[in-house]
Chemist: 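Please read through the structure below; I'll follow up with questions.
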Amino acid sequence: MKGEIMKTRKIIPAIITLIAILFFSCTKDRMGAAMMVKMTDGSAVTFTTHADAYQAVNVEITGVEINYEGTTDAWVALPVHAGIYNLIDIQNDITTVLADHSSIRAGKVSQMRMILGDHNTLVTGNGTFDLKVPSGAETGLKINLDTEIKPGKTVTITIDFNSEKSVVDEGNNSFLLKPYLELKAVDQY
């Protein structure tokens with residue numbers, strides 16, 4: 001009888017340890033993460049005295065979404081600071097926050113997309129002009145991330161929305177906005 005009690009005393013701690021390991025590993029897999037999305041304009045557009053120089057390149061951001069690897073049709077919307085952003089104001093290593101510490105699940109994020117609104121304008125010394133966005137941009141401007149987001153971590157994504165490469169002058173005061181986006185930085189801490 002004493003032998004059985006001794007075996008039981010050895011087995012019970014082993015079972016408890018095994019249950020604890022399984023519980024904490026499952027909890028870690030479900031543990032969330034956070035994401036911050038920033039935007040900057042790394043172009044070289046500068047203020048000049050010429051009438052046709054860009055004074056403002058205003059883009060309306062209405063949404064930012066991410067897509068996890070293996071889920072091509074399941075976009076996850078981040079709570080975004082929707083609004084009209086003047087890209088000229090965020091040049092020279094200045095950034096603006098589009099989504100601030102949004103809670104997301106851990107996992108591999110394959111893509112991000114930025115959704116633009118209809119209120120996009122170019123301001124020059126000659127006036128304010130609508131920036132027409134090609135129809136393909138209506139579904140969002142996609143950027144490949146291929147980033148593994150670890151549980152309990154915060155990922156900061158910085159996107160370069162290059163105004164100089166994005167504005168196309170068609171002549172006769174007609175302009176297109178063909179957004180040129182680059183992934184500038186991915187930091188995880």
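Model, not experiment: these values are computed from the prediction.
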Chemist: Connecting only ILVMFWY residues whose side-chain heavy atoms lie within less than 4.5 Å of each other, what is the rest of Y180's hydrophobic cluster?
Modeler: none
Chemist: Among pairs that include at least one residue of residues 119-129, which meet salt bridge (charged side-chain N to carboxylate O under 4.0 Å, His left out), considering only residues two or more places apart or in two chains?
Modeler: none
Chemist: Share the residues that join V168 in a hydrophobic cluster, the rule being Ile, Leu, Val, Met, Phe, Trp or Tyr side chains under 4.5 Å apart at the heavy-atom level.
Modeler: L176
Chemist: Would you compute the distance between atom OG of S43 and atom NZ of K165 and round it to the nearest 0.5 angstrom?
Modeler: 9.0 Å
Chemist: Just grab all the ring pair (Phe, Tyr, Trp, His ring centres under 6.0 Å) pairs involving residues 160-179, residues at least two apart or on different chains.
Modeler: F129-F175
Chemist: Do any side-chain atoms of residues 112-121 form donor-acceptor pairs under 3.5 angstrom with protein atoms, and if so which ones, sequence neighbours left out?
Modeler:
residue, atom, partner, partner atom, Å
R113, NE, E65, OE1, 2.5
R113, NH1, T139, O, 3.2
R113, NH2, E65, OE1, 2.7
H119, ND1, E60, OE1, 2.9
N120, OD1, E60, N, 2.7
N120, ND2, G117, O, 2.8
T121, OG1, N58, ND2, 3.0

Chemist: Could you list the donor-acceptor pairs under 3.5 angstrom formed by side chains in residues 143-157, with sequence neighbours left out?
Modeler:
residue, atom, partner, partner atom, Å
N144, OD1, Q111, NE2, 3.1
T147, OG1, L145, O, 3.0

Chemist: Atom OH in Y54, atom OG1 in T124: separation rounded to 0.5 Å?
Modeler: 9.5 Å
Chemist: I'd like to know whether NZ of K178 has more than 12 heavy-atom contacts from other residues, nucleotides or ligands below 6.0 angstrom.
Modeler: no
Chemist: Among the clusters formed by ILVMFWY side chains lying less than 4.5 Å apart, do V59 and L181 turn up in the same one?
Modeler: yes
Chemist: How far does CE of M39 sit from CD1 of I94, to the nearest 0.5 angstrom?
Modeler: 12.5 Å
Chemist: Quick test of your reading: applying ring pair (Phe, Tyr, Trp, His ring centres under 6.0 Å), list the pairs with at least one residue in residues 95-117, sequence neighbours left out, ordered by first then second residue.
Modeler: none
Chemist: What pairs with K132 under salt bridge (Lys or Arg N to Asp or Glu O under 4.0 Å), at least two apart in sequence or on another chain?
Modeler: none
Chemist: Under 3.5 Å, sequence neighbours excluded: what are the donor-acceptor pairs made by side chains of residues 77-87?
Modeler:
residue, atom, partner, partner atom, Å
Y85, OH, H81, O, 2.4
N86, OD1, V57, N, 3.1
N86, OD1, I88, N, 3.0

Chemist: Between S166 (side chain) and N162 (backbone), is there a donor-acceptor pair under 3.5 Å?
Modeler: yes
Chemist: Just jot down the side-chain contact (heavy atoms from CB on, under 4.5 Å) partners of A185, sequence neighbours excluded, or say none.
Modeler: T158, D187
Chemist: Any side-chain donor paired with an acceptor under 3.5 Å for D160 and T40?
Modeler: no
Chemist: So, are D100 and K38 salt-bridged, with charged N and O less than 4.0 Å apart?
Modeler: no
Chemist: Does the side-chain contact (heavy atoms from CB on, under 4.5 Å) test come out yes or no for V76 and Y68, once each step is laid out?
Modeler: CA-CA 8 Å; V76 177; Y68 289 91; 4.1 Å; yes
Chemist: Kindly say whether S163 contributes a backbone atom to a donor-acceptor pair with the side chain of D41 at under 3.5 angstrom?
Modeler: yes
Chemist: Hydrophobic clusters here meaning ILVMFWY residues chained together by side-chain heavy-atom distances under 4.5 Å, can you tell me if V97 and M35 are in one?
Modeler: no
